[in-house]
There are 2 protein chains.
Amino acid sequence: MPKPGPGLRLIDVAQRAGVSLATASRALAGRDGVSAEVASRVRQVSEELGYVANPYARTLAGGSSSTVGLIVHQVDDPYFSEIAGGVIQLADEQGLLVQICHSGRDPGNELRQIRNLIAQRVGIILVAGSGYGDPDVESEARTVLAGYQRGGGRVAVIGRHALGADAVLPDNEAGGQALGEHLLGLGHRRIALVAGTPELNTVIDRMAGVAAALRAYGLSLADVPVVHTDFVREGGRIATERILREHPDTTAIIALNDAMAMGVLAVLRERGIPVPDRMSVVGFDDVSVAGDLAPSLTTIRLPMTDMGRMALELALKPPTSRPRRRPTGQQLVIRDSTGPAPASPAPASPAPAGPVPNKRQASHP
Amino acid sequence: MPKPGPGLRLIDVAQRAGVSLATASRALAGRDGVSAEVASRVRQVSEELGYVANPYARTLAGGSSSTVGLIVHQVDDPYFSEIAGGVIQLADEQGLLVQICHSGRDPGNELRQIRNLIAQRVGIILVAGSGYGDPDVESEARTVLAGYQRGGGRVAVIGRHALGADAVLPDNEAGGQALGEHLLGLGHRRIALVAGTPELNTVIDRMAGVAAALRAYGLSLADVPVVHTDFVREGGRIATERILREHPDTTAIIALNDAMAMGVLAVLRERGIPVPDRMSVVGFDDVSVAGDLAPSLTTIRLPMTDMGRMALELALKPPTSRPRRRPTGQQLVIRDSTGPAPASPAPASPAPAGPVPNKRQASHP
DNA sequence: AGCGCTTTCGTAAGCGCTTTCGTAAGTCGG
DNA sequence: CCGACTTACGAAAGCGCTTACGAAAGCGCT
């Protein structure tokens with residue numbers, strides 16, 4: 001294991017400034033008990049020498065850590081990378097460092113990462129995820145985090161309620177409803193729902209919104225095929241194949257996030273099913289590439305970068321007795337992947353499986 | 001600043017195992033001087049109690065830090081987030097934590113982040129970037145990192161040579177050449193180059209490859225318009241607008257990364273210029289969405305995730321006297337954004353600026 | 001002048017760990 | 001059966017910092 005360099009110590013600064021170690025420490029920490037004159041002298045010497053406190057020593061002695069741990073499902077998922085970008089942005093402004101961990105979409109793993117970060121004595125833990133499926137893990141996590149908070153640790157969660165911590169939360173239900181209303185308003189009645197794993201509260205809330213929209217049109221979730229798969233691109237692919245097979249008359253697909261919507265679009269493209277002429281598709285999140293997809297994706301915009309910032313802001317504030325909730329805006333962005341429902345009902349036969357009529361086949365390797 | 005919790009201490013484990021602090025430390029560190037019997041007893045107790053060493057104390061005492069610092073331009077840029085994903089993956093397997101910093105594409109900032117990480121005494125520094133424009137900053141960074149390495153720190157860079165450290169490096173020149181040959185082979189002769197800022201060595205190398213391809217066809221870089229802009233999506237937009245204005249007869253655009261290529265495609269779409277029928281476009285990197293773009297993008301595939309892993313692997317190995325270079329594969333992926341050069345020369349008049357003939361206008365907000 | 005009070009600063013005690021050093025056993029040849 | 005080694009472990013000295021705590025000095029008050 002590599003060793004960090006030696007580096008300037010506080011005592012060097014103190015000596016150079018002609019004061020004791022303790023005084024130098026106080027001066028740099030900005031606490032009182034030091035005359036203004038001495039304080040500024042110390043600060044100046046420190047500046048000149050380019051002194052930076054050893055964070056390990058500082059944390060060990062003072063018990064205060066300046067690093068924030070961020071747990072995401074996967075950092076190369078655009079949804080999470082944008083959140084991470086926001087966190088890092090603000091952390092940098094505040095002179096904090098950010099530890100990123102992957103939970104890999106696995107609750108057990110997420111719990112392990114939380115434990116790990118606590119053991120690492122980070123001062124702040126941010127959990128960006130979609131909630132637990134497993135209630136045991138859920139309550140265990142809540143317990144662990146409660147202990148951590150009792151010990152002075154700060155916690156905020158992003159995109160989920162629960163865990164007894166401050167939360168930055170979009171109105172997933174309103175978003176789902178907007179999506180449903182948009183499609184229903186375009187005349188679609190044979191809508192399929194590509195949902196993530198059914199335990200994620202994100203999925204539950206977004207589905208509830210869709211259900212509300214359906215209800216307004218005299219329909220219910222029972223009337224639409226709902227396919228639960230992984231909350232990622234591949235999940236969208238699998239779900240779409242199943243929908244095309246089992247419900248070939250579908251005219252619109254709601255994917256509960258953009259990642260799955262990308263999988264949906266990919267399958268439709270491969271099958272040569274024109275979007276939106278024969279099938280409308282919507283996503284959720286508005287990841288930055290959503291507007292560049294083929295076709296550009298109608299979706300609900302979530303301010304991921306801001307969400308990251310807000311979560312860290314929340315965690316940085318003095319804690320309150322009750323967990324705070326901070327809403328984020330969400331907004332329907334209409335692009336090219338949605339259009340009016342086809343006038344004539346779609347053919348009852350499944351889409352052709354052979355070579356497709358469209359211009360050129362993607363060489364998706 | 002939040003305080004990390006108290007937590008189990010090594011002495012607790014030692015007492016429970018009926019040995020001294022020192023013996024427990026040795027046992028858990030796996031060094032010899034401890035009988036096998038005692039060692040296993042200590043390990044078992046530690047396991048049972050769920051003991052995790054306080055990394056701050058450990059680092060302070062032993063001088064060894066188990067966190068790796070990763071500097072990227074911007075973590076929500078897919079190129080970098082995929083690299084980060086690879087680093088985090090391997091780090092997690094190895095029980096290391098990852099600190100992520102943004103350089104924001106600014107060499108001065110990058111240097112600042114390096115200094116910061118060194119001050120934070122991380123054990124490993126990974127720099128993913130494209131090299132410095134400013135030679136002063138470059139040599140300063142090299143000096144700082146050399147001192148860090150002398151002190152036992154490990155350094156590896158990703159996607160650039162230089163800095164006197166181990167490097168994971170794609171053959172950017174070969175990639176550029178493959179791109180050029182692909183387009184030239186399709187009959188394109190009026191090719192424009194959307195390059196990033198001219199100081200990045202990534203840009204220089206990729207351009208050199210393109211130049212080599214041109215040479216084989218009796219052309220040179222002097223014959224093609226080269227637009228240097230920011231190495232991001234917006235840069236691609238700006239460059240494309242300029243190319244369309246100043247060189248309306250262009251039939252193919254080479255963007256030196258996918259981010260810029262996305263900007264190129266966006267402008268072409270807005271202007272209603274069909275790709276690839278009237279204009280072919282290629283990118284470089286093959287970020288994960290490249291195949292889902294409108295149209296899907298012909299590009300050079302780089303194994304970003306592996307590059308992240310490899311860089312950390314390199315840094316974890318015992319250092320060598322000379323910096324190592326580890327090549328990464330790169331491979332042309334042909335998709336829908338390239339096609340034969342239009343038979344008739346493009347019209348000399350600029351593309352229509354008004355409403356476009358294609359199906360529907362993106363509502364890019 | 002003498003008292004308590006505040007302000008300013010130094011001394012020293014850790015934070016939890018690694019590691020050097022010393023010591024009590026055990027090993028061995030003679 | 002004894003000195004010279006080896007082996008297994010404990011005591012203690014830090015790593016660089018923060019933060020009680022206490023001493024010294026300056027202040028107004030009686």
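So you know, we letter chains A, B, ... as the sequences are listed, proteins then strands, and number each from 1. These numbers were taken from a predicted model, which means no experiment stands behind them.
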Requested in this report: Round to a whole Å and report the spacing from CZ of Arg121(B) to C1' of dC15(D).
Outcome: 11 Å
Report summary line: Residues at least two apart in sequence or cross-chain that pass salt bridge (Lys or Arg N to Asp or Glu O under 4.0 Å) with Arg142(A), listed by chain then number, are none
Report task. Starting at atom OH of Tyr56(A), determine the distance to atom P of dC17(D), rounded to an integer number of angstrom. Result -> 14 Å
Report task. Look at Tyr51(B) and dG16(C) and indicate whether a side-chain polar atom (N or O) is within less than 4.0 Å of OP1 or OP2. Result -> no
Report task. Send over the distance from Leu8(B) CG to dC15(C) C1', rounded to a whole Å. Result -> 15 Å
Report task. Output yes when at least one side-chain N/O atom of Ser25(B) is less than 4.0 Å from OP1 or OP2 of dC17(C), else no. Result -> no
Report task. Please check if the side chain of Asp166(B) supplies one atom and the backbone of Ala156(B) the other of a donor-acceptor pair under 3.5 Å. Result -> no
Query raised in the report: What is the distance, rounded to the nearest whole Å, between atom CZ of Arg58(B) and atom P of dG16(D)?
Result: 18 Å
Query raised in the report: Any salt bridge (Lys or Arg N to Asp or Glu O under 4.0 Å) pairs touching residues 10-36 of chain A, not counting sequence neighbours?
Result: Arg9(A)-Asp12(A)
Query raised in the report: At their closest point, which heavy atom of Ala27(A) faces which heavy atom of Val34(A), and how far apart are they?
Result: N-CG2, 4.1 Å
Report summary line: Heavy-atom closest pair (Val45(B) atom, Ala17(B) atom, distance to 0.1 Å) is CG2-CB, 3.9 Å
Query raised in the report: Once you round it to whole Å, what is the distance between P of dT19(C) and CG of Leu28(B)?
Result: 13 Å
Query - For atom CG of Leu60(A) and atom C1' of dT19(D), their distance in whole Å - result: 13 Å
Report task. Could you check how far CG of Asp32(A) sits from C1' of dT6(C), rounded to whole Å? Result -> 12 Å
Protein-nucleotides 9-12 of chain D N/O pairs under 3.5 Å:
residue: dC9(D); atom: OP1; partner: Ser35(B); partner atom: OG; Å: 3.3
residue: dC9(D); atom: OP2; partner: Ser35(B); partner atom: N; Å: 2.6
residue: dC9(D); atom: OP2; partner: Ser35(B); partner atom: OG; Å: 3.2
residue: dG10(D); atom: OP1; partner: Ser20(B); partner atom: N; Å: 3.3
residue: dG10(D); atom: OP2; partner: Ser20(B); partner atom: N; Å: 2.7
residue: dG10(D); atom: OP2; partner: Ser20(B); partner atom: OG; Å: 2.8
residue: dG10(D); atom: OP2; partner: Thr23(B); partner atom: OG1; Å: 2.4
residue: dG10(D); atom: N7; partner: Arg26(B); partner atom: NH2; Å: 2.9
residue: dG10(D); atom: O6; partner: Arg26(B); partner atom: NH1; Å: 2.9
residue: dG10(D); atom: O6; partner: Arg26(B); partner atom: NH2; Å: 3.2

Query raised in the report: Which residues satisfy the salt bridge (Lys or Arg N to Asp or Glu O under 4.0 Å) test with Arg325(B), sequence neighbours excluded?
Result: none
Query raised in the report: Is the backbone of Val42(B) close enough, under 3.5 Å, to the side chain of Ser46(B) for a donor and an acceptor to pair up by distance?
Result: no
Query raised in the report: Donor-acceptor pair, Tyr148(B) side chain versus Arg121(B) backbone, under 3.5 Å?
Result: no
Distance-only criterion, 3.5 Å: show the donor-acceptor pairs between side-chain atoms of residues 87-98 of chain B and protein atoms not counting sequence neighbours.
residue: Gln89(B); atom: OE1; partner: Arg309(B); partner atom: NH1; Å: 2.8
residue: Asp92(B); atom: OD1; partner: Gln113(A); partner atom: NE2; Å: 3.1
residue: Asp92(B); atom: OD2; partner: Arg112(A); partner atom: NH2; Å: 2.9
residue: Glu93(B); atom: OE1; partner: Arg309(B); partner atom: NH2; Å: 3.2
residue: Glu93(B); atom: OE2; partner: Arg309(B); partner atom: NH1; Å: 3.1

Query raised in the report: Rounded to the nearest Å, what distance is computed from the CZ atom of residue Arg31(B) to the P atom of nucleotide dC17(C)?
Result: 15 Å
Report summary line: For DNA chain D, the expected dot-bracket line (Watson-Crick or G-U under 3.5 Å, [ ] crossing, | inter-strand) is ||||||||||||||||||||||||||||||
